[in-house]
Amino acid sequence: MINTPRNEQELNNMISQPSEQLVDFMRSLSGDISILGANGKIGLSLSLMAKRAIEMANVEKKVYAISRFSSEEGRQLLEGHGISTIACDLNDREQVKALPKTENVIFMAGRKFGTEGSEPYTWAMNVLMPAVCAEHYKDSRIVAFSTGCVYPLVSKDTGGSVETDHPEPIGEYSQSCLGRERVFEYYSLINKTPVLLFRLNYSTDLRYGVLCDIAKKIWNDEPVVTDCAYFNISWQGDVNNYTLLSLGQCASPASYLNITGPEILSVAEAAKEMAAIMGKKAIIECTATDKSYLNNADKSFRLFGKPLVTAKELIRMQAEWIMQGGKELNIPTHFEVGDGKF
Ligand SMILES: NC(=O)c1ccc[n+]([C@@H]2O[C@H](COP(=O)([O-])OP(=O)(O)OC[C@H]3O[C@@H](n4cnc5c(N)ncnc54)[C@H](OP(=O)(O)O)[C@@H]3O)[C@@H](O)[C@H]2O)c1
């Protein structure tokens with residue numbers, strides 16, 4: 001059984017723990033690594049994991065963590081671990097030109113929340129910014145973060161969308177994410193840049209994520225109201241391992257990879273399980289059709305193996321984290337949204 005972390009330091013340590021597979025991979029990967037959008041929910045622990053894997057592999061390699069660093073806290077965390085940080089607005093061509101060109105790039109800057117009502121900004125962030133970065137890093141291999149929301153909502157019986165399914169994004173956020181993919185695909189074609197489009201569905205690190213959203217409602221005796229009856233999740237530590245391993249799978253034309261856990265979870269069942277641990281009652285108001293955002297990540301399991309942490313363990317850890325007053329980022333995933341309006 002995995003112990004629930006007692007504080008943020010233990011949590012950060014868990015989600016930045018490289019797998020043996022990743023440490024081996026670092027020995028074969030040539031070049032330095034730039035992480036664009038490093039000051040975000042995933043980027044911080046991903047940068048820490050990259051650094052730890054390099055040290056454990058005993059190889060010479062730099063990690064550049066790049067973001068605007070609109071909050072200093074993340075920058076201090078990274079620098080405290082010996083990671084070089086560079087403040088840069090990736091929308092600004094001149095600033096991007098000054099960035100060191102590295103063989104490996106992970107692109108994770110983007111915008112989701114607040115799309116409704118300020119669509120032009122979302123499109124600029126999710127489509128123009130990738131173009132600026134893809135031009136600058138045309139000789140790199142690039143893992144570009146995308147989302148499972150480029151697929152349509154599907155019924156649980158399908159087992160989830162697969163990479164060969166045609167994207168049919170609902171709403172402007174998801175459409176702009178498909179735009180981001182197309183821009184990377186375009187540059188991959190014209191410049192022969194090896195690219196992997198990393199279609200992630202709901203990372204979970206206890207401070208945020210679908211389970212955190214549900215657990216908070218239960219703990220506060222509020223109803224869980226949702227349009228989507230089912231969901232997929234993946235532990236942030238597994239997501240981070242898969243991200244770095246994906247540098248070995250970049251290709252031109254660009255390849256696609258779904259990233260999530262193997263379980264299709266029911267909102268109602270997960271809520272009841274967490275309520276039982278908390279000694280609370282789950283109140284579910286499900287307006288759902290039988291369709292939800294669901295990804296099938298079998299391809300990633302064939303490439304890298306299954307996640308090291310199961311959904312069952314995540315459900316228990318999430319309930320315990322909330323009960324012990326663990327930190328929350330207060331950034332809801334909006335997993336419950338079925339009309340694409342985030
Ligand atoms: N988390 C998930 O479960 C999930 C699920 C599906 C897809 N994704 C995708 O995965 C990517 C990473 O996710 P995340 O949750 O870590 O996102 P996030 O928390 O929004 O982090 C992205 C970071 O990018 C930086 N950034 C934004 N605009 C920038 C700019 N113009 N120049 C430089 N840096 C900029 C921001 O930090 P600064 O303010 O410091 O610049 C921000 O914190 C996103 O593209 C997201 O759409 C995430």
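First listed ligand is number 1; within each ligand, the first listed atom is number 1.
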Can you name the atoms of ligand 1, numbered from 1 with element, that are less than 4.0 Å from a heavy atom of [X]?
X	value
Asn39	37 (O), 40 (O), 43 (O)
Tyr173	47 (O)
Phe69	38 (P), 40 (O), 41 (O)
Cys88	32 (N), 33 (C)
Met129	30 (C), 31 (N)
Ala109	24 (O), 26 (N), 35 (C)
Tyr202	3 (O), 5 (C)

Heavy atom to atom 25 (C) of ligand 1, shortest distance: which of Ser146, Ser67, Ala38, Gly40 holds it? Ser67

Rounded at 0.5 Å granularity, tell me how far [atom1] in [X] sits from [atom2] in [Y].
X	Y	atom1	atom2	result
Tyr186	Thr193	OH	OG1	11.5 Å
Gln21	Asn241	CD	CG	7.5 Å
Phe107	Leu196	CZ	CG	14.5 Å
Tyr208	Gln236	OH	CD	4.0 Å

Is the shortest side-chain N to carboxylate O distance from [X] to [Y] below 4.0 Å?
X	Y	answer
Asp221	Lys280	yes
Glu263	Lys312	no
Glu94	Lys97	yes
Glu163	Arg199	no
Glu273	Arg316	no

Under 4.0 angstrom from ligand 1, any heavy atom of [X]?
X	answer
Arg180	yes
Tyr208	yes
Phe335	no

Closest heavy-atom contact between Asn39 and Ser70? ND2-N, 3.9 Å

At what distance is the nearest protein heavy atom to [atom], and which residue and atom is it?
atom	result
atom 31 (N) of ligand 1	Asp89 OD1, 2.9 Å
atom 36 (C) of ligand 1	Arg68 NH2, 3.9 Å
atom 48 (C) of ligand 1	Leu200 CD2, 3.9 Å
atom 20 (O) of ligand 1	Lys41 NZ, 4.1 Å
atom 3 (O) of ligand 1	Ser203 N, 2.8 Å
atom 13 (O) of ligand 1	Ile42 CD1, 3.7 Å
atom 38 (P) of ligand 1	Ser70 OG, 3.3 Å

Where's the contact between Tyr293 and ligand 1, heavy-atom distance under 4.0 Å: side chain, backbone, both or neither? neither

Quick one: look at Phe145 and ligand 1, take heavy-atom pairs under 4.0 Å, and tell me if it's side chain, backbone, both or neither. side chain

Would you say the side chains of Trp235 and Glu313 form a donor-acceptor pair under 3.5 Å? no

Does Lys62 NZ have over 12 foreign heavy atoms under 6.0 Å away? no

